[in-house]
Amino acid sequence: MNSEYIRLFATIPMLIGAVIMVLTIRKYHSFVKYFIEETYEKRHSGNATEKAALTLLYLFLAGFVVGIADTLIRGVEPMYFFIAIIFLLGALFVFFSVRTQMAMAKRLREKTLETMKAFVNAIDMKDAYTKGHSEHVYRLVDLLYESLDSRAKNLINKAKLLDAAMLHDIGKISIKDEILNKTGKLDNHEWEEIKTHPFNGKKMLEDSCYKEIGDWVLYHHERMDGHGYYGLEAKKIPIESKLIAIADTYSALCTDRVYRKKMTHEQAAEIMMEAAGTQLDSSLVKIFLSIDKESLLRILS
């Protein structure tokens with residue numbers, strides 16, 4: 001066989017392999033980033049295994065680059081083609097291995113979310129009028145987070161925030177059904193019992209993998225004027241709790257409740273603007289209400 005044909009047949013698999021390795025390295029970086037976020041780690045320098053794996057990926061890529069240069073500069077034997085194919089198959093194996101790991105990690109996240117929804121469904125069974133409320137808050141918080149500027153996003157672990165949004169009312173499972181479903185005005189004793197649900201929620205999370213989000217659940221009914229459930233002053237309220245409070249308020253206003261019918265988007269927006277600075281964080285309310293109406297209402301439908 002002509003040496004130029006051998007050179008061509010050996011170079012093409014090496015070029016394809018190099019491209020695959022570049023894609024693999026990018027996917028591996030995405031996988032590590034996803035893993036860090038989902039395991040609640042804000043700062044992560046990388047453990048030895050991750051660094052070793054990344055180093056080997058770069059060395060594998062370097063091997064393809066050297067192989068391409070070698071086939072282009074020197075004369076090649078027919079055996080080079082078979083070696084190039086073996087290298088290409090190795091690159092494909094690594095690529096699909098990383099891809100499979102990413103798929104498995106995302107599936108585990110889905111399973112975790114399904115477990116959280118099972119807890120939330122237990123609350124829905126107690127209070128039919130708030131059915132879907134926790135998932136509404138979860139999706140509204142996600143939308144609000146994506147509307148924040150990059151500086152604010154860098155201060156927040158999104159995975160932790162969304163978990164707290166989904167579980168913010170989990171403490172209601174300890175509230176009596178007759179109080180949750182009461183159509184009339186709550187008396188002082190009943191109101192005090194309702195106010196225990198953030199604390200109960202934190203207690204439920206303390207002995208679980210969600211203990212880090214306990215304070216955000218605890219403080220989601222605090223107010224900017226310091227007159228919330230626990231009287232926390234504005235500067236001490238976690239931003240995550242403030243985000244949840246806004247989504248919680250909007251969902252409550254725009255859905256039917258046992259004590260009133262749902263409001264329109266415009267009515268809810270007016271009430272939230274009035275509450276800005278006293279109950280809700282004014283800057284976050286402004287960002288929330290800048291989101292287009294259709295996107296917000298689509299979540300509640």
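Index from 1, following the sequence.
Under the ring-ring contact (aromatic ring centres under 6.0 Å, His included) criterion, Tyr219 pairs with no residue at all, not counting sequence neighbours. With sequence neighbours excluded, the residues that form a side chain to side chain contact (heavy atoms under 4.5 Å, CB included) with Ala245 are Leu280.
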**Message:** side chain to side chain contact (heavy atoms under 4.5 Å, CB included), that's the test. Do Arg99 and Phe31 meet it? Break it down for me.
**Reply:** CA-CA 9 Å; Arg99 186 174 179 180; Phe31 169 70; over 6 Å; no
**Prompt:** Could you walk me through whether Glu240 and Asp215 pass the side chain to side chain contact (heavy atoms under 4.5 Å, CB included) check?
**Reply:** CA-CA 9 Å; Glu240 293 84 0; Asp215 281 345; over 6 Å; no
**Asked** Could you go step by step and tell me if His136 and Asp248 meet the side-chain hydrogen bond (donor to acceptor under 3.5 Å, both in side chains) rule?
**Response** CA-CA 8 Å; His136 291 163; Asp248 190 25; over 6 Å; no
**Request:** Apply the test salt bridge (Lys or Arg N to Asp or Glu O under 4.0 Å) to residues Asp163 and Lys160: give CA-CA distance (whole Å), side-chain angles for both, the deciding distance (0.1 Å), then the verdict.
**Result:** CA-CA 5 Å; Asp163 287 351; Lys160 289 173 68 175; over 6 Å; no
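In this structure, the side chains of Phe60 and Leu56 stay at 4.5 Å or more apart for every pair of heavy atoms. Looking at heavy atoms from C-beta onward, Gln267 lies out of side-chain contact with Leu253 at the 4.5 angstrom threshold. Between Lys293 and Glu266 the shortest side-chain heavy-atom distance falls below 4.5 Å. Looking at Leu148 and Lys153, their side chains come closer than 4.5 Å, going by heavy atoms from C-beta outward. Inter-residue side-chain proximity for Leu186 and Ile194 is flagged as met; some heavy-atom pair is nearer than 4.5 Å.
Ion pairing between Arg139 and Asp142 fails under the 4.0 Å rule for side-chain N and carboxylate O. Between Glu114 and Arg107 there is a salt bridge, since a side-chain N of the basic residue sits under 4.0 Å from a carboxylate O of the acidic one. Contact check on Lys182 versus Glu190 returns a salt bridge, with a Lys/Arg side-chain nitrogen under 4.0 Å from an Asp/Glu carboxylate oxygen.
Ser295 contributes no side-chain N or O that, together with a main-chain N or O of Ile291, makes up a donor-acceptor pair within less than 3.5 Å. For Glu222 (side chain) and Leu232 (main-chain N/O), a donor-acceptor pair under 3.5 Å exists by modelled atom type. Panel note: side chain Thr196, backbone Glu192; no donor-acceptor pair is recorded below 3.5 Å. A donor-acceptor pair under 3.5 Å is formed between the side chain of Asn154 and the backbone N or O of Ser150. No donor-acceptor distance shorter than 3.5 angstrom exists from the side chain of Ser251 to the backbone of Ala247, with no hydrogens or angles considered. The main-chain N or O of Gly277 is never found under 3.5 Å from a side-chain atom of Ser282 such that the two would form a donor-acceptor pair.
In the displayed structure, Asp207 atom CG is contacted under 6.0 Å by at most 12 heavy atoms of other residues, nucleotides or ligands. The environment of NZ in Lys176 is sparse: at most 12 heavy-atom neighbours from other residues, nucleotides or ligands sit within 6.0 Å. Heavy atoms from other residues, nucleotides or ligands lying under 6.0 Å from NZ of Lys158 number more than 12. Residue Tyr230 qualifies as enclosed at atom OH: its count of foreign heavy atoms under 6.0 Å is above 12.
Note: His197 and His168 fail the aromatic proximity criterion, with ring centroids not under 6.0 Å apart.
Counting all heavy atoms, side chain and backbone alike, Ile175 lies closest to Glu193 at CD1-O, 3.1 Å. The shortest heavy-atom contact between Cys254 and Thr264 is SG-O, 4.1 Å. For the pair Ile85 and Pro13, the tightest heavy-atom approach, listed with the atom from each and the gap, is CD1-CG, 3.9 Å. Of all heavy-atom pairs between Pro198 and His221, the closest is CG-CD2, 4.0 Å.
Each side-chain hydrogen bond (donor to acceptor under 3.5 Å, both in side chains) pair with one or both residues in residues 21-30, not counting sequence neighbours, would appear here, but there are none.
A side-chain donor-acceptor contact under 3.5 Å links Ser174 and Asn200.
Between Phe288 and Tyr250, the angle of the ring planes goes over 60°, which puts this pair in the perpendicular group of the 30/60° scheme.
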